[in-house]
Amino acid sequence: MSADPLSGAAPAKAALWRRPVFRSTVFQVLLILGVVAIANYLFTNTLHNLEQRGISTGFGFLSMEAGFGILQTLIPYDETYTFGRTFLVGLLNTLLVSGLGIFLATLIGFVMGVARLSSNWLIARIATVYIEIFRNIPLLLQILFWYFAVLQPLPQPRQSLDLGGMFFLNNRGFYLPAPVFEAGFNLVWIALAIAVVVVFFMARWARRRQEETGQQFHTVYVSLAILFGLPLLVFLAAGTPLTWELPALKGFNFKGGVTIIPELMALLTALSIYTGAFIAEAVRSGILAVSHGQTEAAYAVGLRPSVTLRLVIIPQALRVIIPQLTSQFLNLTKNSSLATAVGYPDLVAVFAGTTLNQTGQAVEVIAMTMGVYLTISLTISTFMNWYNKKKQLVER
Amino acid sequence: MSETDTAKPEMSASTGAMIQIQGMHKWYGEFHVLKDINLNVAKGERIVICGPSGSGKSTMIRCINRLEEHQQGKIIVEGTELTDDVKHIDQIRREVGMVFQHFNLFPHLTVLENCIIALIWVRKMSRREAEEIGMKFLEKVKIPEQARKYPGQLSGGQQQRVAIARSLCMNPSIMLFDEPTSALDPEMIKEVLDTMIQLAESGMTMLCVTHEMGFAKTVANRVIFMDGGEIIEENEPEAFFSNPQHDRTKLFLSQIM
């Protein structure tokens, strides 16, 4: 081998510590070792401290009796149930308020986002005022506002606001009739299931027929007719096997029916309206991101405005809207932990609050609670990322 | 479909003009964009419109399919007058195809879907029938092999040819071109112009806003020069280029030639 630089001979080897691969490997190994060492120190130190103070560790507390009541439970619960059950009750309450909140916020957001772009002066102004007010006031303040300023000043149960003798609103909550299903009602559920199947196949048939013959079918109207009509017919034929249990004033409060506690109402209202304002802006930005040329091209080939919006504008706007929608859904779910402020029994209030105080097992309780929020959030974002991928544009 | 097919050629031939614009004015707020435009376009005529930027060329042809609204005067396309009546607007848009400077293809749909969306939703055709027509026109603009790709995967010249095919699918009797080659790289201009020349040879009525003077010389029956929202001069291409009458026309031609 000569020293000719063009001969293609391997260059003289640099010293080991001057090679980039060696260096980066060393630094990464050092970093990992450091992180593991710190984690190990924190873990053993915590265990040691807990032991010294006589605080037991482990998840044994989950099967101990809780001994406290919870304001709203979606599953059977009283003081004799375990701490494990309080976890479940809190989790379900969190899922309830997050699920309803995401649904309502999305609805409000899409309506208000489109409204803000309306050519109708009044509608556009109303939407603008709504958005600018509610996204610029702290969420905690809004929750307190709905709870203390709107719902608490409502009349006592005895002077309840009476809406048609069936719905009652007072400072203890919103009372509505509860459905009582009688023997024959299963037939109605079966009829509904059949209707859903029929509509599914009919929609497929209608789409195929349109692709083959071009005839369009009023799928939406016929579907609605089947979905409501069939169960209704069966319901009437089975002798209306459904009664409503009306809430009634007994002593100092209402008994019977379904109760929506003011804590849930305040939290849900605040979360939906606050997050809805952000979603409205996301929707508006998505629609504005589609260039006006798209609308013009659609009009130029003869498409009507409604078809243009549905087939050309919205599908393109979604790719801008979805990522922002995802983070708003995640925000709403995590913000639901502000429930503590008004005493709505969500996971944080019940489990990371009362349960933690009574058992003192902070590490386990906090870890479980964090794990839950992490799981919910990752589930939402996985789903939304999948949906986003479906809507992405193909380029190159 | 059948009624428009049969009624179209004879009817308009008898009335003489496919497009009649009479005393049209347009304002953007205070700004007077179009001033007293009068123009008759006969069937099969190929008109090139040129002029400095901001002279109202694009605005004028965009009035013909109501992408812009005129405030005074009359526009009659194939016997239908453009008014606020949605039915008239729909009818005229079915007869008038348009090609834009920036193509404006629908990026979320494939090339073929771009071509057939209006056939399905406006002409109410079956998908199979529409796809046959779509493929026919993609072959005409010589890119049938790209049918399943998305617009973002094509070159600018290919996209513009798809845009032309998309318009032709609706079987228009008039085609409007709004600077169809201005956004293209030089080597792609020719493929689009070739497609347009081929279209002109098939007897299509065409209005082109363009600065391609070579195209004007070979294809146009008439060249129209606009400036400041007015039609300054119109003439046959040979006379227009060799012997412009108006000072502003001379100035413009000296700048671009």
Side-chain angles (χ1 to χ4, degrees), chain A residues 119 121 203-220 283 286-323 386-396, chain B residues 1 61-62 64-68 86 89-111 113-131 148-155 163 166-172 175-176 178:
Chain A
S119 52
W121 187 88
R204 274 189 28 176
W205 165 81
R207 194 162 49 230
R208 197 163 301 152
R209 191 181 73 150
Q210 200 217 322
E211 293 197 347
E212 277 165 16
T213 67
Q215 293 177 56
Q216 288 170 16
F217 189 72
H218 293 293
T219 312
V220 176
V283 168
I287 291 177
L288 287 180
V290 181
S291 89
H292 191 56
Q294 292 288 309
T295 313
E296 291 186 340
Y299 286 176
V301 290
L303 295 177
R304 302 294 294 273
S306 58
V307 180
T308 302
L309 191 69
R310 190 157 56 89
L311 297 181
V312 176
I313 307 301
I314 298 276
Q316 295 185 61
L318 276 181
R319 81 204 144 101
V320 178
I321 297 173
I322 293 169
W386 165 81
Y387 185 58
N388 193 29
K389 205 155 206 174
K390 271 185 56 168
K391 294 283 169 195
Q392 276 312 321
L393 292 183
V394 181
E395 280 171 26
R396 272 175 281 284
Chain B
M1 255 206 82
I61 68 165
R62 286 156 60 86
I64 295 172
N65 66 350
R66 198 59 161 197
L67 291 183
E68 304 280 354
V86 178
I89 297 174
D90 280 350
Q91 205 175 334
I92 287 171
R93 282 179 179 164
R94 280 177 204 206
E95 293 305 319
V96 179
M98 186 161 199
V99 174
F100 299 86
Q101 180 178 0
H102 295 291
F103 332 133
N104 295 355
L105 294 175
F106 307 130
H108 61 300
L109 301 177
T110 63
V111 163
E113 284 169 341
N114 263 279
C115 293
I116 65 175
I117 182 172
L119 291 175
I120 292 174
W121 293 95
V122 180
R123 297 261 192 248
K124 314 277 185 211
M125 273 184 198
S126 75
R127 198 179 175 91
R128 200 172 300 156
E129 215 180 326
E131 282 185 351
R148 306 283 162 190
K149 287 195 183 167
Y150 286 87
Q153 296 168 302
L154 306 187
S155 74
R166 174 174 71 178
S167 294
L168 292 179
C169 281
M170 289 299 283
N171 193 23
M175 284 288 286
L176 308 174
D178 188 0

Any idea which of B:R166, B:R127, B:E131 has the most non-hydrogen atom pairs under 4.5 angstrom with chain A?
B:R127
Those residues that, when tested against B:T110, pass side chain to side chain donor-acceptor pair (under 3.5 Å) (two or more places apart):
B:E113
Name the option with the most non-hydrogen atom pairs under 4.5 Å to chain A; the candidates are B:K124, B:E129, B:M98.
B:K124
Please name all residues satisfying side chain to side chain contact (heavy atoms under 4.5 Å, CB included) with B:I89, sequence neighbours left out, ordered by chain then number.
B:R66, B:L82, B:R93
Which atom pair, heavy atoms only, marks the closest approach of A:V301 to B:A118?
O-CB, 3.5 Å
Please classify the contact between B:V86 and chain A as side chain, backbone, both or neither, with a heavy-atom cut-off of under 4.5 Å.
side chain
Closest contact, heavy atoms only, A:A300 versus B:F100:
CB-CZ, 4.0 Å
So, the part of B:F106 with a heavy atom under 4.5 Å from chain A: the answer is both
Which answer fits B:H102, side chain, backbone, both or neither, if we ask what part of it has an atom under 4.5 Å from a heavy atom of chain A?
neither
Measure the CG-CD1 distance between A:L303 and B:I117 for me, rounded to the nearest 0.5 Å.
5.5 Å
Only one of B:D178, B:L67, B:N65 passes side-chain contact (heavy atoms from CB on, under 4.5 Å) with A:E296, and that residue is B:L67
Side chain from CB out, backbone as N, CA, C, O: work out which of these in B:R128 comes under 4.5 Å of a heavy atom of chain A, or both, or neither.
both
